[in-house]
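Notes follow once the structure below has been shown.
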Amino acid sequence: MAGSQFTLAALATTAVSGLVVTGTRTLGSAASGDYESAVLRDADGTETAIRRPRNQRAEARQSADLVAIRALSAGIRTRLPFGVAEYRGQAPIGSTRAIVTTYLPGSHPTLKALVERPELATSVGRAVAAIHQLPTSFVTDAGLPSLTPFEVLRSAVSVMDRAVATKLVPAALKERWEGAARDQQLWQFTPTVVHGSLGTGTILVEGDAVSGVIDWGELRLGDPAKDLAWVLAGRKDAFDTVLSAYEANGGGRDRQLAQRARVHHELETAQWLLHGVQAKSTEVVDDAVAMMHRLVDAVQTPSAAPLQSVSPETMEIGEVEQLLSSTERRHG
């Protein structure tokens, strides 16, 4: 353990000119995970983080995150009410590289905490709104992805279509999801800057305030509802508090935002199923199927929220079939 930290400390001094490390400690779980990482303290007490990927998946994620945080310029960061790690340097090690950034303090919140601490839920809504109000130009200038509403819909339909093809999706969910896909009005939104993978694992809090956001590798222009979907895994009152704070802080006037967030949230079960099928994991597949059956029970209660917009303007069935066909060709 200590040897690994000393190796990372030595790499950091190579990566950052003039860095003098006076202490080290683990960052997260050093025994497992995709990274070897450590927090380093220098002579004036400043803390720095260093991460070395353990596999190709982690290396790809780290590279994407690096592109994103370098695109988040000092001017962009002044618009955010929380911290974002800053790139400090890198050093090669074996066939990969270790990346050094500033260290962001804080702990990851739980979904339960959003219910028990409305001030924290309000801070989350304010943080998400700030991301979505960033100027779109810096994302396009950095060459990061820019998705249209149709491309977001096509991606959702692809997940639905491939999950249904496994013949493991309950009929009630198939009908519900396909109804959402046909609802043209539901998918009319203005693409905004989105983090792309927000959740309890990417948000840092201190007290009842969001102090930092990490893992920016999915930064892009896309559907703002995607950044709110994760909150739906908790209680409805927490989602309502987050959404109210989001809207109160300029988070747009998208009337279908909550419904689309539900679509994205429900499709996470389909994505989990597809992951299990691809990995040939019976345990994951069984877990995903159980989740979908629990979801069926939940959405069939009288108080369940619909996925469709209030006054849907539906596509013709031929348009949907054409969309599904084009998606199959793309992913075939």
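- Inter-residue side-chain proximity for L27 and R51 is flagged as met; some heavy-atom pair is nearer than 4.5 Å.
- Between the side chain of R41 and the main chain of E47, no donor-acceptor pair closer than 3.5 Å is present.
- Side-chain contact between W230 and I203 is present, with at least one heavy-atom pair separated by less than 4.5 Å.
- Identified under the salt bridge (Lys or Arg N to Asp or Glu O under 4.0 Å) test for residues 75-89, with sequence neighbours left out: none.
- Taken from CZ in R235 to CG in D240, the straight-line distance is 11.0 Å, to the nearest 0.5 Å.
- The heavy-atom pair separating A121 from A238 by the smallest distance is CB-O, 4.4 Å.
- Looking only at side-chain heavy atoms (C-beta outward), L198 and V213 come within less than 4.5 Å of each other.
- Applying the salt bridge (Lys or Arg N to Asp or Glu O under 4.0 Å) rule to pairs touching residues 167-177 yields K174-E178, R176-E266, sequence neighbours excluded.
- Rounding to the nearest 0.5 angstrom, the gap separating the OG atom in S123 from the CD atom in E206 is 11.0 Å.
- D34 places a side-chain heavy atom less than 4.5 Å from the side chain of N55.
- Judged by distance alone, with hydrogens and angles left aside, the side-chain atoms of Q133 form a donor-acceptor pair with the main-chain N or O of A129 at under 3.5 Å.
- Not a single donor-acceptor pair under 3.5 Å links the side chain of T200 to the backbone N or O of T110.
- If you run side chain to side chain contact (heavy atoms under 4.5 Å, CB included) between T101 and each of I214, I69, L66, V84, only I69 comes through.
- Atom CD1 in I50 sits 10.0 Å away from atom OG1 in T7 (nearest 0.5 Å).
- Salt bridge absent: D65 and R61 never bring a charged side-chain N and a carboxylate O closer than 4.0 Å.
- Scanning all heavy atoms of the two residues, the minimum distance from L232 to H265 falls at O-NE2, 3.6 Å.
- With sequence neighbours left out, the ring-ring contact (aromatic ring centres under 6.0 Å, His included) criterion links W216 to H195.
- Considering only heavy atoms from C-beta on, D254 stays 4.5 Å or farther from T190 through its side chain.
- The closest side-chain heavy-atom distance from T140 to T136 is not below 4.5 Å.
- Side-chain atoms of Q5 come within 3.5 Å of backbone N or O of R25 as a donor-acceptor pair.
- Identified under the ring-ring contact (aromatic ring centres under 6.0 Å, His included) test for residues 60-79, with sequence neighbours left out: none.
- Residue pairs meeting the salt bridge (Lys or Arg N to Asp or Glu O under 4.0 Å) criterion with at least one member in residues 98-127, sequence neighbours excluded, are K112-E116, R117-D208.
- Using a 4.5 Å cut-off on side-chain heavy atoms (C-beta onward), S107 and V205 make contact.
- Exactly one residue among T241, L243, V242 makes a side chain to side chain contact (heavy atoms under 4.5 Å, CB included) with F239. That residue is L243.
- Atom CZ of R162 is separated from atom CG of L274 by 5.5 Å, given to the nearest 0.5 angstrom.
- D223 places no side-chain N or O within donor-acceptor distance of the main-chain N or O of P191, the cut-off being under 3.5 Å.
- Residues L219 and F189 are members of separate hydrophobic clusters, defined by side-chain heavy-atom contacts under 4.5 angstrom among Ile, Leu, Val, Met, Phe, Trp and Tyr.
- Residues P109 and L120 come closest through the heavy atom pair CB-CD2, 4.1 Å.
- In the hydrophobic clustering of this structure, L221 groups with L134; members are Ile, Leu, Val, Met, Phe, Trp, Tyr whose side-chain heavy atoms approach within less than 4.5 Å, directly or through other members.
- One distance of note links CZ of F138 with CD1 of I76; it measures 5.0 Å at 0.5 Å rounding.
- Among pairs with a residue in residues 270-291, none fulfils salt bridge (Lys or Arg N to Asp or Glu O under 4.0 Å), at least two apart in sequence or across chains.
- Both W177 and V289 are members of a single hydrophobic cluster when ILVMFWY side chains are connected at heavy-atom separations under 4.5 Å.
- With a 4.5 Å cut-off on side-chain heavy atoms, S146 and V139 do not count as touching.
- With sequence neighbours left out, E218 forms a salt bridge (charged side-chain N to carboxylate O under 4.0 Å, His left out) with R220.
- Residue pairs that meet the ring-ring contact (aromatic ring centres under 6.0 Å, His included) test with at least one member in residues 70-126, sequence neighbours left out, do not exist here.
- Chaining together hydrophobic side chains whose heavy atoms lie under 4.5 Å apart leaves V194 on its own.
- Under the ring-ring contact (aromatic ring centres under 6.0 Å, His included) criterion, Y246 pairs with H132, not counting sequence neighbours.
- The OG1 atom of T148 sits 12.0 Å away from atom CH2 of W187, with the distance rounded to the nearest 0.5 Å.
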Given the rule in the side chain to side chain contact (heavy atoms under 4.5 Å, CB included) test, do T301 and D297 qualify, once you have shown the distances and angles that lead to the verdict?
CA-CA 7 Å; T301 61; D297 292 339; over 6 Å; no
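- L80 and V193 fall within a single hydrophobic cluster, where Ile, Leu, Val, Met, Phe, Trp and Tyr side chains are chained together by heavy-atom contacts under 4.5 Å.
- Contact between T13 and A10 at its shortest, heavy atoms only, is OG1-O, 2.7 Å.
- The nearest pair of heavy atoms linking V296 to A172 is CG1-CB, 4.1 Å.
- With sequence neighbours left out, the side-chain contact (heavy atoms from CB on, under 4.5 Å) criterion links T96 to R52, P53, E59, I93.
- Proximity of a side-chain donor or acceptor of S155 to a complementary backbone N or O of V152 within less than 3.5 Å is not detected.
- Remark: H293 pairs with no residue by the ring-ring contact (aromatic ring centres under 6.0 Å, His included) rule, at least two apart or across chains.
- The hydrophobic cluster containing L228 does not contain L186, counting ILVMFWY residues as joined when their side-chain heavy atoms lie under 4.5 angstrom apart, directly or transitively.
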